Amino acid sequence: MLPTIEIHLPEWLPAFARTYVPTPDISTRMEFVIAAAMENVKHGTGGPFAAGIFAIDSGELVGLGVNLVTTENLSILRAEMVAFITAQRALGTYDLGGPGMAAHELVTSAEPCAMCFGAIPWSGVRRVVCGARSEEAEQIGFDEGPKSRNWKCDLQERGIAVMRDVGRDQAIEVFSEYVRRGGQIYNSQEAG
């Protein structure tokens with residue numbers, strides 16, 4: 001018999017999500033997402049990554065995710081994947097770009113790993129906003145997996161806009177704090 005699958009979001013996350021005030025300002029949205037990543041590190045509830053799904057025009061928060069790989073023992077629970085799950089459940093649809101819907105964006109504290117990159121076109125988001133770069137996650141030991149060097153162009157060819165380096169320095173600070181606290185580097189290139 002197959003096990004029942006449950007995903008447990010950190011207890012602090014819903015209250016944190018309620019602190020967000022909708023804004024059209026992309027930098028403020030990123031600051032919120034990076035703050036969620038830092039909270040994840042401080043609470044020891046996962047890796048140094050967070051992501052949010054926002055309505056592009058209104059700035060409304062639709063879904064919020066933090067990295068839960070180590071606490072839930074599920075390699076797929078990267079911040080972006082958790083953000084997609086929470087947004088899709090909140091809206092009752094697997095397609096965040098469906099007919100009659102507001103355009104949505106993924107705001108992520110770091111560029112997507114190979115798995116999350118693959119999920120972006122299927123999610124229906126129309127824009128991706130990234131903080132830290134993949135190489136900065138790799139510098140502390142994370143393996144971001146194989147993805148095209150032209151991943152940004154690959155998304156743009158599918159009609160998905162990409163913005164990089166929004167809040168980059170602050171996102172890198174979260175990585176530094178994670179390392180300082182002895183956070184687990186999972187799926188590292190050294191793990192073989």
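This one's a predicted model, so the numbers in the text were calculated from it and none came from an experiment.
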Does anything in residues 65-93 form a ring-ring contact (aromatic ring centres under 6.0 Å, His included)? List the pairs, not counting sequence neighbours.
none
Going by ring-ring contact (aromatic ring centres under 6.0 Å, His included), name the residues that satisfy it together with F117, two or more places apart in sequence or in a different chain.
none
What side chain to side chain donor-acceptor pair (under 3.5 Å) pairs are there with at least one residue in residues 45-68, not counting sequence neighbours?
W12-T45, N40-T45, N67-Y186
Main-chain N/O of F49 paired to S109 side chain as donor or acceptor, under 3.5 Å:
no
Report yes or no: does E72 contribute a side-chain atom to a donor-acceptor pair with the main-chain N or O of H8 at less than 3.5 Å?
yes
Correct closest heavy-atom pair for I185 and I140 would be CD1-O, 3.5 Å
Could you name each residue pair satisfying side chain to side chain donor-acceptor pair (under 3.5 Å) that touches residues 81-96, not counting sequence neighbours?
none
Counting distance only, does the side-chain N/O of H104 pair as donor-acceptor with the main-chain N or O of F54 below 3.5 Å?
no
CD (E11) with more than 12 external heavy atoms under 6.0 Å
no
Atom CD1 in I160, atom CG in D154: separation rounded to 0.5 Å?
10.5 Å
Validation: residues 119-131 side-chain donor-acceptor distances under 3.5 Å, sequence neighbours left out:
from	atom 1	to	atom 2	distance (Å)
S123	OG	I120	O	2.7
S123	OG	V125	N	3.2
R126	NH2	R158	O	3.3
R126	NH2	G159	O	2.9
R127	NE	E105	OE1	2.7
R127	NH2	E105	OE1	2.7

Between R78 and M115, is there a donor-acceptor pair closer than 3.5 Å when you use the side chain of the first and the backbone of the second?
no
Could you pull out all residues at least two apart from E111 that satisfy salt bridge (Lys or Arg N to Asp or Glu O under 4.0 Å)?
R164
Look at R133 together with E136 and state whether they make a salt bridge at an N to O cut-off of under 4.0 Å.
no
